[in-house]
Number of protein chains: 2
Amino acid sequence: MGSRSTVKRADALRSIDAIVKAAAECLGQNPEASLSEIARAAGVGRVTLYAHFASRAEVVDAAMSRAVDRGNQALDAVDLAGDPLLALARYVEASWRLVDQARALLVAAQRELPPGRIRELHSGPAARVETLIARGRSEGVFRTDLPIAWLVNVLHSVMHSAADEIRAGRLTSEHAAGHITATVLAAFTPPGRPVPEPGAGT
Amino acid sequence: MGSRSTVKRADALRSIDAIVKAAAECLGQNPEASLSEIARAAGVGRVTLYAHFASRAEVVDAAMSRAVDRGNQALDAVDLAGDPLLALARYVEASWRLVDQARALLVAAQRELPPGRIRELHSGPAARVETLIARGRSEGVFRTDLPIAWLVNVLHSVMHSAADEIRAGRLTSEHAAGHITATVLAAFTPPGRPVPEPGAGT
DNA sequence: AATAAGTCGAACATAACTGTTTGGCTTAGG
DNA sequence: CCTAAGCCAAACAGTTATGTTCGACTTATT
């Protein structure tokens with residue numbers, strides 16, 4: 001959509017960028033944020049928004065894509081090699097904030113976008129964790145009696161849980177990563193093997 | 001609200017009951033269900049609904065209260081004595097379906113009701129799990145390096161996760177309880193101690 | 001059977017949000 | 001420097017939901 005044949009002008013690109021950024025922020029705080037709010041937050045007229053995006057769904061999609069891209073970018077910097085336990089801890093450390101921030105945005109996306117599109121957007125990060133878990137399994141430190149997809153879901157679920165707890169004031173940001181890793185590492189431990197102690201490699 | 005001094009008539013009570021029941025069902029399928037839909041599902045006119053409930057929030061509250069009551073009632077039948085591991089397994093077996101059913105309803109409640117009210121409604125079931133976990137801790141089978149509130153949240157979070165997986169078609173109902181208990185029992189295991197094997201007491 | 005309580009359809013009044021159109025103004029870029 | 005591309009406020013149309021009011025009809029209870 002948008003560019004038929006002529007190239008966009010610089011100010012148009014600037015507007016689009018401002019809108020997508022504002023959408024990510026507004027929907028991140030309130031998944032029901034109206035397009036008027038988003039346009040205002042972007043410092044742009046509502047009509048301008050409609051000049052670039054045909055519908056609300058398109059705006060949500062763009063905002064979600066942006067967030068996923070940023071997340072992917074941030075996660076690219078994480079070293080997932082070496083001891084799977086430490087690698088998982090590093091992954092949690094790097095991603096739980098992202099999950100927290102994108103939480104409400106995800107709610108908006110789930111309301112406005114078709115389910116297939118959501119899975120498509122998440123396929124990148126999901127693959128990352130899957131291969132890490134698979135490696136941990138082959139090295140015998142992660143359990144093999146539960147499907148990988150389930151373990152991935154548990155990880156994300158616990159991170160969401162932490163986000164909820166922080167919002168409710170029952171958990172502080174400093175403790176979040178520690179709680180998450182302690183929980184998930186235990187959950188991933190094969191039955192019969194001892195749960196790893198936290199002091200391993202701080 | 002409702003009864004000022006005179007007693008309600010039998011048909012009024014019947015209507016109210018039908019409305020609350022329909023609300024629980026409709027909101028359970030779609031948290032955005034309108035009051036018109038709910039009234040229609042209850043076999044009652046929209047005006048009648050407003051005669052008994054002043055606002056949408058009141059309807060949601062009533063539906064949520066009903067669901068919680070029913071859940072509490074079902075959980076009363078669960079024996080939480082004996083080996084905490086087995087007790088937790090029994091609890092999961094009995095409650096994950098309830099969590100699944102009440103999921104969308106909870107979403108509606110979170111949108112319409114003040115946060116304090118939600119916690120108040122959940123205090124019953126939460127207390128049940130808390131005492132069970134506390135007992136398991138004193139017996140040395142559950143970890144003490146994480147707050148109880150966090151462990152409770154992990155349990156519920158994993159159950160929600162299972163509900164999501166079932167909806168996505170990645171998990172079947174038969175396997176759900178087993179996956180949940182295997183995951184949670186491992187997550188609750190104290191660091192340094194072996195994760196319990198599933199064959200313990202089937 | 002009489003009366004108060006309850007039900008119901010239809011209609012009204014707000015209020016939001018989504019999209020669209022118009023016409024005038026500003027600015028990027030050749 | 002000039003023109004097309006872009007911006008914007010205001011106003012409009014369409015939809016959907018929440019609450020409320022009215023008047024006629026039905027039913028529970030005494």
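To find a chain, count down the sequence lines: A is the first, B the second, and so on, and within it residues start at 1.
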Before accepting this row, confirm whether a basic side-chain N of the pair [X]/[Y] lies closer than 4.0 Å to the acidic partner's carboxylate O.
| X | Y | answer |
| --- | --- | --- |
| A/D164 | A/R170 | no |
| A/D61 | A/R56 | no |
| A/R128 | A/D76 | yes |
| B/E37 | B/R40 | no |

Sugar-phosphate only, base, or nothing, as touched by A/R56 at under 4.0 Å among non-hydrogen atoms: sugar-phosphate
Donor-acceptor pair between B/H175 and B/T172 side chains, under 3.5 angstrom: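 Per modelled atom types, B/H175 and B/T172 side chains form a pair under 3.5 Å.
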A/Y50 vs C/dG19: side-chain N/O to OP1/OP2 distance below 4.0 Å: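 Result: yes.
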Proximity to the side chain of B/R46 - top-ranked nucleotide from D/dC7, C/dG19, D/dT18: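 Among D/dC7, C/dG19, D/dT18, the one nearest the side chain of B/R46 is D/dT18.
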Closest to side chain of B/V47, choosing from D/dT21, C/dT7, D/dC8: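 The closest nucleotide is D/dT21.
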Positions of residues 9-33 of chain B (non-hydrogen atom under 4.0 Å from DNA chain C), listed by number: B/R9, B/D11, B/A12, B/S15
Return the value, rounded to whole Å, for the distance between atom [atom1] of [X] and atom [atom2] of [N].
| X | N | atom1 | atom2 | result |
| --- | --- | --- | --- | --- |
| B/R40 | C/dT7 | CZ | P | 19 Å |
| B/L35 | D/dT16 | CG | P | 16 Å |
| B/H52 | D/dT18 | NE2 | P | 18 Å |
| A/K8 | C/dG30 | NZ | P | 17 Å |

Nearest-nucleotide 5' precedence on DNA chain C, B/V44 against A/S55: B/V44
B/H52 and B/E58, any side-chain heavy atoms less than 4.5 Å apart: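 No, every pair of side-chain atoms sits at 4.5 Å or beyond.
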